[in-house]
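Reviewing the structure listed below.
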Number of protein chains: 2
Amino acid sequence: MSKHLGRTVFFVSDGTGITAEMLGHSLLTQFEGIEFHQIIVPFINSVEKAQACVERIGEVARSGNGRPVVFTTLINEEIRGAIHRADAFVLDFFERFLGPLESELGVKSTHTVGRSHSAMDVKEYQNRIEAVNFSLAHDDGVSAREFSKADVILVGVSRSGKTPTCLYLALQFGIRAANCPLIPEDFERMKLPEAVALHRSKLYGLSIAPERLHEIRTERRPDSHYASLENCRHEVGQAELLMRREGIRWLSSTTKSIEEIATTLMQDLKIGRKTY
Amino acid sequence: MSKHLGRTVFFVSDGTGITAEMLGHSLLTQFEGIEFHQIIVPFINSVEKAQACVERIGEVARSGNGRPVVFTTLINEEIRGAIHRADAFVLDFFERFLGPLESELGVKSTHTVGRSHSAMDVKEYQNRIEAVNFSLAHDDGVSAREFSKADVILVGVSRSGKTPTCLYLALQFGIRAANCPLIPEDFERMKLPEAVALHRSKLYGLSIAPERLHEIRTERRPDSHYASLENCRHEVGQAELLMRREGIRWLSSTTKSIEEIATTLMQDLKIGRKTY
């Protein structure tokens, strides 16, 4: 289906714009037939910047492709007021929810600009960076030295999605995620690699459809035994057998996004985010 | 300031819950004095699961620590209706915004569950994974082979924040971000490393306060020349001088989060996200 080019959408924020964009995106994906032209406008932390942004929105409005849609996460009321004067359809996230939440909690909010993705909480921030360093140092079984410090250790055949999942867990949630590949030698012995067998409660498996694995490996090493469909079928079958025998929880990454894999694993292992 | 333990907050979603959590978190950070107990409840994609969730919320409500707060991103109206019967203060994201957006756009939304962080768009997904692999392969100047394929190449002294920023750009936005350290040899020559000098338009610098760099490096290699405050001062001074001479845009990562660094550099270099 060819999409018809629809509205221009602005995500306007006093911080990074990541929250505004994510909220807006979750709404826009509900309108499948329309292709939106999306513009992030971060760091609008003064009335002057807001006015420049209103100008820019006005130009788009005058171009004749329909009234622009503006999603905002703006805390300061003056800045918010300025944006509301734009020639646009404005959906203001804080306006809709902050007031009701203040009433419910019985306290006034602090109206602090750009809190959501700032580095103000130094400890939280260091935690994330350390988790990233940990994941990098413990990628692909490179080092088993500190598996005892891991929150989770992912196992699975080569190219089943372990590395991106570990990095996402570290960056997004501050979780120390290591990973260790399951390789043909493990299948011959039908035993887990020794380094991870000691940490059974932290293990989580990723599997993948052999056809998909074949595609992924073929891009890396075309026409190899490693990438052949036959070998992919064998490895995946053996890995699933091994995980079943050892009683390791696992999921198939084939049709899941990194976010879905990470969220499912955290739920299954009852790991919470480490960042607040 | 010691925080007083406040409400329990549930983030209830038919998908990963990441959008609901981000929305809720951006609002809750506006109430600094209160510590919230936060629970993510993902994958509520049936009325039965919704009812189990309502039970769980009810238990918390009866525990006497105040009415729970519930943030929801639920597309299905039956499931949403079930959650609204919970003994809680419910802030319903789609209810508030989807209707107005439908009126504005003049079309009905598709009401598809769990679109926001799903892997349904295979091409987008592969793009992200490839960007992660690219960033890992081009971390710390390991390989300069494909710098021409990079969207951005970060430069800066060791431990200035290049690696986490690259990984975040790849995971969040599908951007191919390489990085290359600036080392004492580069300062002696007062020239950029040859491998990156060819790609000037893609370069972006990270600097950092020498005191902060000293702390970070000391954790890694205590009492080394590398970590000494004197050497950190020297390296940072030389790196900033070099970047200024070469006309490279740069920022200081000292008080910035990964999200803020990523957003600023995307704005400065006019790089958009590659994931939709």
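Keep in mind that the numbers below use all heavy atoms, side chains included, and drop hydrogens, waters and symmetry copies. Treat the numbers as computed from the prediction; the structure is a model and nothing was measured. In what follows, chains are A, B, ... by sequence order, proteins preceding strands, each numbered from 1.
Note: A/Val107 leads A/Val107, A/Val132, A/Thr163 in heavy-atom pairs under 4.5 Å with chain B. Of the listed residues (A/Ile129, A/Leu28, A/Leu167, A/Leu105), the greatest number of heavy-atom pairs within a distance under 4.5 Å of chain B belongs to A/Leu105. No other option in B/Asp139, B/Thr264, B/Val41 has as many heavy-atom pairs under 4.5 Å with chain A as B/Thr264. The candidate from A/Pro100, A/Pro164, A/Gly272 with the greatest count of non-hydrogen atom pairs under 4.5 Å with chain B is A/Pro100.
In this structure, the separation between CD on B/Gln30 and NE2 on B/His25 is 10.5 Å, given to the nearest 0.5 Å. The distance from the CZ atom of A/Phe11 to the CD1 atom of A/Ile39 is 9.5 Å, given to the nearest 0.5 Å. Atoms CG and OG, on A/Leu213 and A/Ser158 in that order, are 7.5 Å from each other to the nearest 0.5 Å.
Taking non-hydrogen atoms and a 4.5 Å limit, the residue list of residues 91-98 of chain B in contact with chain A, ordered by number, reads B/Leu91, B/Asp92, B/Phe93, B/Phe94, B/Arg96, B/Phe97, B/Leu98.
For a residue to count as touching a neighbouring chain, one of its non-hydrogen atoms must lie under 4.5 Å from one of that chain's; by this rule B/Val69 touches chain A with the side chain only. Looking at B/Gln267, only its side chain comes within 4.5 Å of chain A, counting heavy atoms on both sides. If you measure heavy-atom distances from B/Glu219 to chain A, the contacts under 4.5 Å come from the side chain alone. Looking at B/Leu136, only its side chain comes within 4.5 Å of chain A, counting heavy atoms on both sides. For A/Leu101, the parts sitting under 4.5 Å from any heavy atom of chain B are the backbone and the side chain alike.
Remark: the A/Ser109 side chain and the A/Glu102 side chain contain an N/O donor-acceptor pair separated by less than 3.5 Å. There is no side-chain donor-acceptor pair under 3.5 Å between A/Asn76 and A/Asp14. Under 3.5 Å, the side chains of A/Thr19 and A/Thr73 contain no donor-acceptor pair of N or O atoms.
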Please lay out, stage by stage, how A/Glu130 and A/Arg176 fare under the test side chain to side chain contact (heavy atoms under 4.5 Å, CB included).
CA-CA 8 Å; A/Glu130 277 164 26; A/Arg176 288 171 186 251; 3.4 Å; yes

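You'll find the side chain of A/Asn65 stays beyond 4.5 Å of the side chain of A/His37, heavy atoms only.
Salt-bridge formation is detected for the pair A/Glu259/B/Arg128: a Lys NZ or Arg NE/NH1/NH2 atom is positioned less than 4.0 Å from an Asp or Glu carboxylate oxygen.
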